[in-house]
Every structure is written in C-alpha cells, then in structure tokens.
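Working notes, structure below.
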Amino acid sequence: MHKALVMKADACTGCHQCEMMCSYGKVGAFNPAKSVMDITIFDGGAVNVPSTCTQCEDAWCMVVCPVQAITCNPATGAKEVSAEACVGCKVCSIACPFGAINYDPDSGVVSKCDLCKGEPMCVEACPTTALAYVAQDSTGYERMRHNALLAAGL
Amino acid sequence: MHYVIAGAGPAAVAAAEHLRELDGDAGVTLIGVQSQPPYSRMAIPYYLTGKVGEEGTYLRRTEDHYEKIGIDLMCGEVVSVEPGTHQVVLADGQQVSYDKLLLATGAEPIIPPVPGMDDPRVQQCWHLEDAKRIIELAKPGARAVQVGAGFIGCIILESWVLREVNLTVLEMGPRMVPRMLGDKAGSLLQSWCESKGVKVHTGVRVSAIESSEEELQVVLDNGEICPADVVIVSTGVKPRLDYLGGSGITIDQGIVIDEHMQTSVPDVYAAGDCAQGLDFSTGKTAVHAVQPTATEHGRVAAANMVGANNLPYKGSLNMNVLDTLGLITCSFGAWEGVDGGDYGELYNPENFQYINLQFKDDVLVGANSVGYHQHLGVLRGLIETRMPLGPWKDKLKDNPVLLADAYVGVNQAALQKAQ
Ligand SMILES: Cc1cc2nc3c(=O)[nH]c(=O)nc-3n(C[C@H](O)[C@H](O)[C@H](O)COP(=O)(O)OP(=O)(O)OC[C@H]3O[C@@H](n4cnc5c(N)ncnc54)[C@H](O)[C@@H]3O)c2cc1C
Ligand code: SF4
C-alpha cells in the first residue's frame with residue numbers, strides 16, 4: 001500500500017510554508033504561484049484548507065493525455081509529468097475535475113504534485129499536523145477520500 | 001473472447017488497454033490504416049512547431065508497448081462490417097472475426113465544396129503526412145491563408161505564426177471559434193490575434209481558389225481576393241463512416257450509441273469522434289470530436305464490452321482549451337446558458353481577460369474563459385458533480401475569479417457534512 005499525503009484543514013494555520021517549500025522544490029525559487037500545494041483561506045483566516053492532487057488511480061489527466069506524458073510512479077503511486085514528453089496541450093488541466101494539474105506558461109508544460117519522489121517537501125515544511133505523509137489505512141485516508149467523492153457525487 | 005477495434009487513435013487505444021486490464025485472457029486486436037504506431041492528431045500542432053519530433057506524437061512512448069501488454073496491432077483499412085457473420089473486411093480482402101467489435105475510426109476533415117481545393121498548395125491539417133507537407137510549403141515570409149477559425153484552426157494557427165509566415169485567417173461565422181466561445185470571448189481572441197500581426201476576417205465565405213503557377217488566389221463571396229502561397233483548410237470535421245454501408249448500423253450525425261456505447265447492432269460498440277454519444281449537459285446525443293470525450297468513450301465502451309453492458313454512462317461533458325499565440329481560452333458544457341438560467345461575468349478587455357459562468361439555480365452548468373490558466377479543471381468538477389453552490393453562487397456572480405475558492409469551499413462544506 002502506497003503512502004498518502006493527508007491534508008487536515010482543522011490543523012492548518014494558513015502560514016503558507018508548504019507552498020514556499022513546494023515551489024522551491026519545483027522551480028528552485030520561493031514563489032507560491034508555482035506551488036502545486038494550495039492553501040485556500042476563508043473568512044479572513046478562520047478556516048484554511050490545504051489541497052493538492054490526490055493521485056487518483058485511473059487519473060483523468062493520465063488517461064486523457066495524447067502523448068503519455070503522465071505516468072504512474074510504481075514506488076509512490078504518484079502520477080508524474082514528463083517535461084520532455086509533455087507538448088503543453090493543456091487538455092489534462094481541463095480534464096482533472098479537482099483543478100490539480102495546471103499549465104505553467106514559463107516552462108510550456110503542466111505541473112502537478114508528484115509527492116517529491118516519496119519525500120514531500122510540503123510535509124517537511126508544515127509546522128503543524130495539517131500535512132502528513134503516512135500509510136493510507138492507518139489514517140482512514142481512503143475513507144476520507146471516499147467520503148469526499150461521495151459528497152461530490154462522483 | 002476476441003475483441004476487435006477498428007481504428008487506432010486515442011479512443012481505440014484507451015479502449016484496447018482497458019479491455020486488456022479487465023479481461024486478461026481475451027484477444028485484443030487494433031486495426032489501424034496508418035503504417036506508423038498509433039499517434040495523436042492533437043500532437044500534430046506541436047510537431048509543426050518543432051516542439052516534438054514524429055515519435056513525440058505517438059500515443060504511447062515505448063516501441064514494444066502494445067506487444068508487451070498483448071495487444072495485436074494490425075495495419076489495414078476496414079472497408080466493411082458484417083454483423084451477421086461477426087466479421088470485418090479489410091481493403092486487401094482479409095476477413096477478421098470478432099466476438100465484440102468497437103468502431104473507433106475517428107473523424108475526417110470537411111473540405112468545402114468550392115472549386116480549386118485540389119491544388120497541391122491547398123492543404124488540410126489532419127494527418128502527420130499533411131503536417132510534413134505543410135512544413136515544406138510554409139516557409140518564412142510565405143503568404144498563408146487559413147480557411148476556418150474553429151477550435152482546431154485556432155490551435156494550429158500558432159504553428160504558422162511561429163514559422164514566420166504572413167498569415168490571414170478567414171472565418172465564415174460571426175467570430176472566431178463560434179461554436180465554443182461567445183461574442184465577447186471570440187472578439188477578445190480576434191483582437192489578440194490581430195495584435196500579434198495576424199489578419200482575421202470573420203463573416204466571409206470562400207467561393208473559389210484560383211491557381212496560377214506563381215500563386216493562389218482565394219476568392220471571397222464579397223468579391224475580395226486574398227493572394228496566397230499556401231492555403232490551409234480547417235473547416236471542421238465529420239465522423240468517418242464510409243465503411244458502414246450495408247452493415248445495418250444506425251447512423252445520424254455519427255454512429256448512434258446508447259448509454260452503454262453500443263450501436264443499434266448487438267456486439268458492436270462505437271467510441272470517439274465517429275460516435276454520437278450521450279451529452280452530459282443536454283441529455284441528448286451529440287458528436288463532440290474532442291480528446292476527453294474520445295478517451296472516456298473508449299474506457300466506458302471497454303467496460304461494457306467486458307461486463308455485458310453493466311456500466312451506464314452519464315454522458316460526456318463537452319470541453320475544450322485552446323492556446324492561441326499565448327492566449328488561453330476554454331469552454332465547458334452549456335456555455336451559452338440554459339433556459340431560466342442565470343450568469344456571472346467578468347470582462348476585462350484591456351488585459352484580454354474574460355470569465356462567463358452559467359448557472360441553473362445554484363448549480364454551475366457551463367463556462368467560458370479567456371486569459372486564465374489556473375485551476376480550470378474545477379469548472380469540470382463543479383459542473384459534473386452538480387454541486388449546489390449555496391452562498392458561493394452570489395460570490396461567484398460578484399467575482400467569477402473566485403472559482404477555485406468556491407470549489408474548495410463547496411467541497412469542504414460537503415466533507416464536513418459527510419463526517
Ligand atoms: C490538429 C488537431 C488538433 C487538435 N487539438 C485538440 C485539442 O487541443 N483538444 C481536444 O480535445 N481535441 C483536439 N483535437 C481533436 C482530437 O484529436 C480528436 O478528438 C481525437 O483524436 C479523437 O480520437 P479518435 O480515436 O476518436 O479518432 P482519431 O484520432 O481520428 O483516430 C481514428 C484512427 O482510426 C483510423 N481509421 C479511420 N478509419 C479507419 C478504417 N476504416 N480502418 C482502419 N483505421 C481507420 C484513422 O486513421 C485514425 O488513426 C485535435 C485534432 C486535430 C486534427
Ligand atoms: S499538457 Fe502535457 S501532460 Fe497534459 S495532456 Fe497535454 S501533453 Fe499530456
């Protein structure tokens with residue numbers, strides 16, 4: 001069973017450390033705009049919700065890609081984008097119903113969470129327990145995702 | 001069990017792989033007319049600009065992919081389907097028997113019925129071979145006229161500009177991409193193209209192409225003449241159905257399929273650009289001719305072929321994203337709105353930005369956007385899940401940019417309720 005990135009809104013303080021580290025890992029600069037982990041702030045900071053790709057099994061992005069630029073890393077289960085193969089057509093970015101894969105005009109290819117090859121930098125950066133990278137069954141992660149999908153009617 | 005698939009594009013390959021996953025013992029045969037490995041039409045524009053080589057257009061990246069997972073690739077053209085004997089016939093006379101058949105022969109370009117289209121300097125942009133020919137013709141400084149500014153036209157347009165040709169675009173509709181973008185969005189796209197040095201004429205029809213040795217002359221119905229060294233025709237597509245005569249399979253705009261992707265004939269299914277399947281937004285059937293519908297069709301068809309029609313399809317959401325010389329536009333679902341609906345709009349022409357959200361009650365049903373590229377997928381998420389937006393609807397009407405926030409907010413609320 002792969003480990004999963006678990007996000008808990010109730011423990012998130014909205015400090016954006018994860019976004020900073022994520023962008024650093026992705027593009028080598030502290031620039032939240034390039035982060036693939038997103039913190040959405042509601043009610044002036046009363047509620048902060050972390051979100052990123054949940055690495056769906058039959059990922060929409062992976063299935064729709066016309067050139068097999070998105071593949072599953074068997075070690076982590078992460079759906080990874082090959083920058084060499086991606087032609088930048090963006091069709092994955094409209095096909096993902098979570099909005100979790102996005103085009104980067106600077107690189108000409110899309111970017112998404114790849115779990116940093118099994119050592120997610122956002123988790124390292126998080127000063128609280130809002131982000132954790134743990135075995136899926138121990139966290140009820142699957143149940144959480146199941147509930148989310150049920151709620152979303154998927 | 002032997003599954004046979006006619007065609008070798010994205011719908012066919014998605015289906016073949018899913019058939020293989022679901023039924024490990026069955027034979028899966030893919031019959032494609034091209035000699036090269038299955039490739040993506042969608043990747044042709046990037047081949048034209050040199051972003052990828054020919055291999056970069058292939059649907060799968062390893063040479064032995066199909067062999068390795070036990071999919072037989074056959075090169076040949078299917079010329080007839082005989083449901084009575086459960087056979088397809090190829091152009092060379094070979095007969096291939098199937099237990100279940102998937103028709104995934106895609107679409108072909110529509111060539112306007114006007115004189116002069118047969119000159120070799122008039123090119124469509126459909127096959128890899130067309131792309132190779134265009135690369136020869138579209139030399140820097142050449143005068144190129146593109147007939148048609150539909151969605152494919154607006155994607156390939158960039159290829160000509162990057163090849164430094166002198167480009168004029170002619171569109172018969174009242175604006176660019178008339179079937180995907182509304183007035184404001186289409187006009188923004190047009191002024192964007194013009195600001196990049198492309199001449200765009202809308203509301204004009206080509207009545208003939210006259211050729212001499214030196215040049216082509218594109219004659220318009222208003223009497224104007226556009227001289228050209230190369231003409232690219234991109235005037236829409238139609239399903240490829242020529243091989244179905246006598247098969248008894250019901251055809252309307254495309255091959256009519258039910259919610260299990262089955263045609264009117266038992267054991268014969270259809271998927272992708274050739275199929276007229278259920279549309280999520282209208283509940284009626286339509287030919288979408290876009291990649292997301294093609295791959296989804298392929299997978300759903302495979303599941304029903306294996307599982308004896310036990311996976312009804314909710315229909316595909318028509319969606320599209322274009323990058324035209326750096327301006328990104330997209331459309332989803334009922335972007336023109338629905339009866340009794342309501343909308344929110346942001347229009348910022350100085351920055352080439354536009355969002356139009358269409359609602360039915362407090363549910364998002366369609367959208368257009370110009371100049372945005374972040375989190376576009378949530379539009380699909382919100383439309384397909386029919387999530388009630390609650391208080392977010394008014395916030396979105398005030399400020400459509402809050403889309404991604406609305407998506408997270410609505411999901412968060414639903415999650416809390418479920419726990
Ligand atoms: C230039 C261009 C750009 C595009 N850009 C986009 C885009 O950005 N986004 C998007 O969503 N869509 C885009 N599309 C559309 C997208 O490519 C199609 O929707 C998709 O390819 C449909 O897949 P398909 O498998 O149904 O059909 P096709 O891709 O057409 O594949 C059908 C295959 O079957 C073969 N075939 C046909 N008839 C027979 C026969 N009788 N016997 C054997 N083989 C046969 C064909 O040669 C072909 O290889 C673009 C298309 C083009 C041409
Ligand atoms: S943008 Fe890249 S990864 Fe996404 S579908 Fe297109 S080629 Fe594949």
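To find a chain, count down the sequence lines: A is the first, B the second, and so on, and within it residues start at 1.
No donor-acceptor distance shorter than 3.5 angstrom exists from the side chain of B:His297 to the backbone of B:Ala271, with no hydrogens or angles considered. Listed for the B:Ser316 side chain is no donor-acceptor partner under 3.5 Å among the backbone atoms of B:Thr293. With hydrogens and angles ignored, the 3.5 Å screen pairs a side-chain donor or acceptor of B:Lys51 with a backbone N or O of A:Val87. The backbone N or O of B:Ile383 sits nowhere less than 3.5 Å from a side-chain atom of B:Arg380 that would complete a donor-acceptor pair.
Neither the backbone nor the side chain of A:Cys92 comes within less than 4.5 Å of any heavy atom of chain B. Of the atoms belonging to B:Gln412, it is side-chain heavy atoms, and not backbone ones, that fall under 4.5 Å from chain A. Neither the backbone nor the side chain of B:Ile155 comes within contact range of chain A; no heavy atom of the residue lies under 4.5 Å from a heavy atom of that chain. Interface remark: B:Met42 contributes side-chain atoms only to the contact with chain A (heavy atom separation under 4.5 Å). Residue B:Leu59 touches chain A through both its backbone and its side chain, counting heavy-atom pairs closer than 4.5 Å. If you measure heavy-atom distances from A:Ala33 to chain B, the contacts under 4.5 Å come from the backbone alone. Using a 4.5 Å cut-off between heavy atoms, A:Cys96 touches chain B through its backbone atoms (N, CA, C, O) alone. Interface remark: B:Val321 contributes backbone and side-chain atoms alike to the contact with chain A (heavy atom separation under 4.5 Å). The contact between A:Phe42 and chain B is made entirely by side chain atoms (from C-beta outward), counting heavy-atom distances below 4.5 Å. At a 4.5 Å heavy-atom cutoff, the contact between B:Pro292 and chain A is made by backbone and side-chain atoms alike. Neither the backbone nor the side chain of B:Tyr47 comes within contact range of chain A; no heavy atoms are under 4.5 Å apart.
Heavy-atom pairs under 4.5 Å with chain A were tallied for B:Ile328, B:Leu382, B:Leu379; the largest tally goes to B:Ile328. With respect to chain B, the highest number of heavy-atom pairs below 4.5 Å among A:Ser82, A:Ala69, A:Ser51 belongs to A:Ser82. When B:Leu403, B:Asp323, B:Val52 are compared by the number of non-hydrogen pairs under 4.5 Å with chain A, B:Asp323 comes out ahead. Among B:Asn320, B:Val408, B:Val13, the residue with the largest count of heavy-atom pairs under 4.5 Å with chain A is B:Val408. Interface remark: of the candidates A:Asp38, A:Val67, A:Val49, A:Val67 forms the most heavy-atom pairs closer than 4.5 Å to chain B.
The distance from atom CE of A:Met62 to atom CD of A:Gln68, rounded to the nearest 0.5 Å, is 9.5 Å.
Contact check on B:Arg299 versus A:Asp58 returns a salt bridge, with a Lys/Arg side-chain nitrogen under 4.0 Å from an Asp/Glu carboxylate oxygen. Of the charged side-chain nitrogens involved, at least one lies within less than 4.0 Å of a carboxylate oxygen, so that A:Lys26 and A:Asp114 count as a salt-bridged pair.
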Residues B:Tyr58, B:Gln36; criterion side-chain hydrogen bond (donor to acceptor under 3.5 Å, both in side chains); working and verdict: CA-CA 9 Å; B:Tyr58 295 167; B:Gln36 60 271 86; 5.8 Å; no
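Between the side chains of B:Glu54 and B:Tyr39, no donor N or O sits under 3.5 Å from an acceptor N or O.
Considering every non-hydrogen atom in both A:Ala95 and A:Val64, the closest pair reads CB-CG1, 3.9 Å.
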